[in-house]
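Per chain, numbering begins at 1; letters A, B, ... match sequence-line order.
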2 protein chains.
Amino acid sequence: MSKQVSFRFWIHDDNGFMIGEGRILLLQKIIEEGSINKAAKSIGMSYKKAWRLINGMNETSSEPIVARSSGGVGGGGTIVTEKGKEYIEQYLEVKKNAQHFFSDETKQLQ
Amino acid sequence: MSKQVSFRFWIHDDNGFMIGEGRILLLQKIIEEGSINKAAKSIGMSYKKAWRLINGMNETSSEPIVARSSGGVGGGGTIVTEKGKEYIEQYLEVKKNAQHFFSDETKQLQ
DNA sequence: TAGCGTTATACCCCAGCAAATATAGCGCTT
DNA sequence: AAGCGCTATATTTGCTGGGGTATAACGCTA
């Protein structure tokens, strides 16, 4: 009978830019793996879906979130920009606070 | 360029019971209208979808959320139980607090 | 007994998303 | 020049959810 409050949130602006849990996870994996391809595989996501998420973000952001290149050593790859890392930091900060908030709300649910 | 934090949340338990914005809105309309049918129409939702939402809730809840009847005056109808009204109250309370919380988080987003 | 407006349910069709496959282009290395 | 692994994109196929429609049962009223 234990009731619980769960939540989702996302940071967005007026230009259609939107970033939530899935995109943050993907960005973190791209930092770890160095490419969209490997990052997608590591979390069981298709390259196409990962590309759509990343591309959509880049197209709606005033500054690029990732820098992509094809060809060269290892075939190329993708790196997360400073702007991208800034979003990750902000998202994680809000998430931490939100977890506390909803944990308290859950407790008050009798 | 104004960034904003948006959110969704839902109350749930271990038996698969789940109630979020859509179901709350539907319950409120059922109280107003007296039937699933009219409630669904009033928010542009198909009866089928509304029925699935309501039925799923009732099947996973320990106590019924709504009491349904067919036949009789006006063809029958659906009323929201005290348990259902209790959930509405709880949901709105959490929502009010969450709106404050995320409003503050949005402000701190520089 | 006929009519009414519900709840409840089955059926078909279409849209939209997801996975799988294929192909091209890139730039470095060997 | 060939090979490599990546980005980028098109095409096809399959699955799932939702809308629309249709139908039956229900119990009160007239």
Quick one: [X] [atom1] to [N] [atom2], roughly how many Å, whole number?
X	N	atom1	atom2	value
Ile30(B)	dT6(C)	CD1	C1'	13 Å
Glu59(A)	dA8(D)	CD	C1'	12 Å
Asn55(A)	dT9(D)	CG	C1'	11 Å
Leu53(A)	dT7(D)	CG	C1'	16 Å
Lys41(B)	dT7(C)	NZ	C1'	12 Å
Lys49(A)	dA18(C)	NZ	C1'	8 Å
Tyr47(B)	dC11(C)	OH	P	18 Å
Met45(A)	dA20(C)	CE	P	14 Å

Between [options], spot the one nearest the side chain of [X], thanks.
X	options	value
Lys48(B)	dC6(D), dA8(C), dC11(C)	dC11(C)
Thr78(A)	dG18(D), dT7(D), dC28(C)	dT7(D)
Ser35(B)	dT7(C), dC28(C), dA8(D)	dT7(C)
Asn37(A)	dT29(C), dT7(D), dG19(D)	dT7(D)
Trp51(B)	dA8(C), dT7(D), dT29(D)	dA8(C)

Looking at [X], does any N or O in its side chain come under 4.0 Å of the phosphate oxygens OP1/OP2 on [N]?
X	N	result
Arg52(A)	dA18(C)	yes
Arg68(B)	dA8(C)	yes
Ser46(B)	dG19(D)	yes

Exercise for review: Could you tell me whether Lys38(B) contacts a base, only the sugar-phosphate backbone, or nothing, with contacts defined as non-hydrogen atoms closer than 4.0 Å?
Suggested key: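 Result for Lys38(B) = sugar-phosphate.
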Practice item. Tell me which of Gly74(B) and Gly44(A) sits closer to the 5' end of DNA chain C, going by the nucleotide each one is nearest to. Key: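 Looking at DNA chain C, the more 5' nearest nucleotide goes with Gly74(B).
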Practice item. Go through the steps to decide whether Ile54(A) and Ile30(A) satisfy the test side chain to side chain contact (heavy atoms under 4.5 Å, CB included), and finish with yes or no. Key: CA-CA 10 Å; Ile54(A) 295 296; Ile30(A) 289 174; 3.7 Å; yes
Check your understanding: Checking Thr81(A) side chain against Gly84(A) main chain: does a donor-acceptor pair fall under 3.5 Å?
Key ->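 Answer holds: yes.
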Check your understanding: Taking the six-membered ring for Trp, are Phe101(B) and Phe101(A) parallel (under 30°), tilted (30 to 60°) or perpendicular (over 60°)?
Key ->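 Taking Phe101(A) first and then Phe101(B), their aromatic rings lie parallel (interplane angle under 30°).
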Exercise for review: Could you go through the side chain to side chain contact (heavy atoms under 4.5 Å, CB included) check for Leu92(B) and Gln28(B) one step at a time?
Suggested key: CA-CA 11 Å; Leu92(B) 293 180; Gln28(B) 289 175 318; 3.9 Å; yes
Review point. Under 6.0 Å between the ring centres of Phe102(B) and Phe7(A)?
Key: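 No; Phe7(A) has its ring centre 6.0 Å or more from that of Phe102(B).
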